[in-house]
**Student:** 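Following this message is one structure expressed as structure tokens.
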Amino acid sequence: MGLSSCLPRDWYARDPLLVARDLLGMHLVRLLDGQVLRGVISETEAYRGEEDLACHARVGRTLRTAVMYGQPGVAYVYFTYGMHWCLNAVCLPPDFPAAVLIRAVEPVDGLAVITARRAGRLRARWTDGPAKLTQAFGVDGQQNGVDLTSQAGGLWIEAGESVPDEQVITGPRVGISNVPEPWRSVPWRFRVKP
DNA sequence: TTTACGATCTAT
DNA sequence: TAGATCGTAAAT
């Protein structure tokens with residue numbers, strides 16, 4: 001598979017706010033059924049620590065949140081709303097729980113597979129939500145704990161194009177309306193201008 | 001064992 | 001605007 005250009009573990013061992021910002025423009029890559037699927041990351045959200053009441057780790061270390069307390073650069077994939085999977089990259093060194101939710105990508109490779117997996121939907125809606133992109137890329141609970149810094153797990157992130165600040169919009173995180181302030185409103189969501 | 005509620009998506 | 005649908009964590 002040639003030279004690995006996976007982002008290294010040190011790159012993830014940083015504040016999730018920085019990782020979320022810098023993940024914009026990077027490439028999410030998935031090896032699925034012998035096909036390479038690739039998307040340019042266009043939207044992310046940071047979740048940081050047990051004190052962040054929007055973070056799953058607010059309940060502390062459990063079976064579910066365990067990977068967030070582990071090595072940075074590992075995938076945290078969780079199941080929600082009874083039917084959806086969401087993909088995160090774990091950040092910061094072990095024992096401090098933090099992760100970045102990948103909310104949207106722009107598909108660039110493997111379009112035939114992606115369109116088949118998102119049959120009946122408009123192209124603009126293929127991967128414009130966290131559970132849509134996991135459906136499109138065939139990511140589910142089996143990828144929980146997979147190392148994103150290596151191609152071995154069939155799911156990784158490569159360096160891509162850097163996105164200038166003028167192209168970045170920040171805002172509050174989505175889907176946390178029952179979370180108390182300040183966590184509900186902190187601008188920890190990052191996206192590339194359309 | 002039971003309950004309440006989701007880091008969502010889709011159709012209405 | 002509401003229904004789908006079930007794992008997780010806390011309450012009973």
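Here is how names work: the chains are called A, B, and so on, in the same order as the sequence lines, proteins then strands, and each is numbered from 1. Being a predicted model, the structure only gives us computed values, none of them experimental.
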**Student:** Are Val77(A) and Leu32(A) grouped together when hydrophobic residues (ILVMFWY) are joined by side-chain heavy atoms under 4.5 angstrom apart?
**Tutor:**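 Yes; tracing contacts between hydrophobic side chains, which count when under 4.5 Å, links both residues.
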
**Student:** Whole Å only: how far is the CG atom of Leu101(A) from the C1' atom of dG6(B)?
**Tutor:**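 Leu101(A) atom CG is separated from dG6(B) atom C1' by 14 Å.
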
**Student:** Of the nucleotides dA9(C), dA7(B), dG6(B), which has the atom closest to the Val59(A) side chain?
**Tutor:**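 Among dA9(C), dA7(B), dG6(B), the one nearest the side chain of Val59(A) is dA9(C).
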
**Student:** Between P on dA11(B) and CZ on Arg121(A), what's the gap in Å once rounded to a whole number?
**Tutor:**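 Arg121(A) atom CZ is separated from dA11(B) atom P by 7 Å.
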
**Student:** Ring-plane angle category for Phe79(A) and Trp85(A), please: parallel below 30°, perpendicular beyond 60°, tilted otherwise.
**Tutor:**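 Judged by the thresholds at 30° and 60°, the geometry between Phe79(A) and Trp85(A) is tilted.
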
**Student:** Under 4.0 Å between a side-chain N/O of Thr80(A) and OP1 or OP2 of dG6(B), yes or no?
**Tutor:**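 No, Thr80(A) has no side-chain N/O under 4.0 Å of OP1/OP2 on dG6(B).
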
**Student:** Please name the nucleotide paired to dT1(B) by Watson-Crick or G-U wobble geometry with both distances under 3.5 Å, or report none.
**Tutor:**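 Its partner is dA11(C).
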
**Student:** Is the NZ or CZ atom of Arg117(A) both under 6.0 Å from the centre of the six-membered ring of Phe137(A) and within 45° of that ring's axis?
**Tutor:**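 No, Arg117(A) does not sit over the ring of Phe137(A).
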
**Student:** Between the base of dA4(C) and the ring of Tyr81(A) - centre-to-centre under 5.5 Å, planes within under 30° - is that a stack?
**Tutor:**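 According to the criterion (under 5.5 Å, under 30°), no, Tyr81(A) does not stack.
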
**Student:** More 5' along DNA chain B: Lys132(A) or Gly82(A), using each one's nearest nucleotide?
**Tutor:**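 Mapping each residue to its closest nucleotide by heavy atoms, the 5'-most match is Gly82(A).
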
**Student:** Is it true that the side chains of His84(A) and Gln135(A) contain a donor and an acceptor less than 3.5 Å apart?
**Tutor:**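 Their side chains do not contain a donor-acceptor pair, so the 3.5 Å distance test is not met.
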
**Student:** Within the 3.5 Å criterion, strictly below it, is a donor on Tyr76(A) or Gln143(A) matched to an acceptor on the partner's side chain?
**Tutor:**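 Checked: Tyr76(A)/Gln143(A) side chains show no N/O donor-acceptor pair below 3.5 Å.
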
**Student:** Phe79(A) side chain: which of dG6(B), dA7(B), dC6(C) is closest?
**Tutor:**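 For the Phe79(A) side chain, the nearest candidate turns out to be dC6(C).
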
**Student:** Would you indicate what Arg118(A) reaches in the nucleic acid, counting non-hydrogen atoms under 4.0 angstrom: base, sugar-phosphate, or nothing?
**Tutor:**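 Sugar-phosphate: the residue Arg118(A), judged by heavy atoms under 4.0 Å, touches backbone atoms but no base.
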
**Student:** Rounded to whole angstrom units, what separation is found between the CE atom of Met83(A) and the C1' atom of dT10(B)?
**Tutor:**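 In whole Å, dT10(B) C1' lies 9 Å from Met83(A) CE.
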
**Student:** Starting from C1' on dT8(B), measure out to CG on Leu87(A) and report it in whole angstrom.
**Tutor:**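 My rounded result for the distance is 15 Å.
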
**Student:** For a quick test of reading the model: is some side-chain N or O of His56(A) closer than 4.0 Å to OP1 or OP2 of dA7(B)?
**Tutor:**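 True: His56(A) side-chain N/O within range (under 4.0 Å) of dA7(B) OP1/OP2.
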
**Student:** Tell me the interatomic distance from Asn144(A), atom CG, to dT8(C), atom C1', rounded to whole angstroms.
**Tutor:**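 The answer, rounded to whole Å, is 13 Å.
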
**Student:** To the nearest Å, how far apart are Arg64(A) CZ and dC5(B) C1'?
**Tutor:**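 Arg64(A) atom CZ is separated from dC5(B) atom C1' by 11 Å.
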
**Student:** Between dG6(B) atom P and Tyr47(A) atom OH, what is the distance in whole Å?
**Tutor:**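 Value for this atom pair: 13 Å.
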
**Student:** Rounded to whole angstrom units, what separation is found between the CZ atom of Arg184(A) and the P atom of dG6(B)?
**Tutor:**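 Rounded to the whole Å, the gap is 12 Å.
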
**Student:** Identify whether any heavy atom of Ala131(A) sits under 4.0 Å from a base atom; if not, whether one sits that close to sugar-phosphate; answer base, sugar-phosphate or nothing.
**Tutor:**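 The answer is sugar-phosphate, as Ala131(A) gets under 4.0 Å only of primed atoms, P, OP1 or OP2.
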
**Student:** Which base, if any, makes a Watson-Crick or G-U wobble pair with dT5(C), both distances under 3.5 Å?
**Tutor:**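 Here dT5(C) is not engaged in any pair, so there is no nucleotide opposite it.
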
**Student:** Asn88(A) near the nucleic acid: base, sugar-phosphate alone, or nothing, with a heavy-atom cut-off under 4.0 Å?
**Tutor:**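 It contacts base atoms.
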
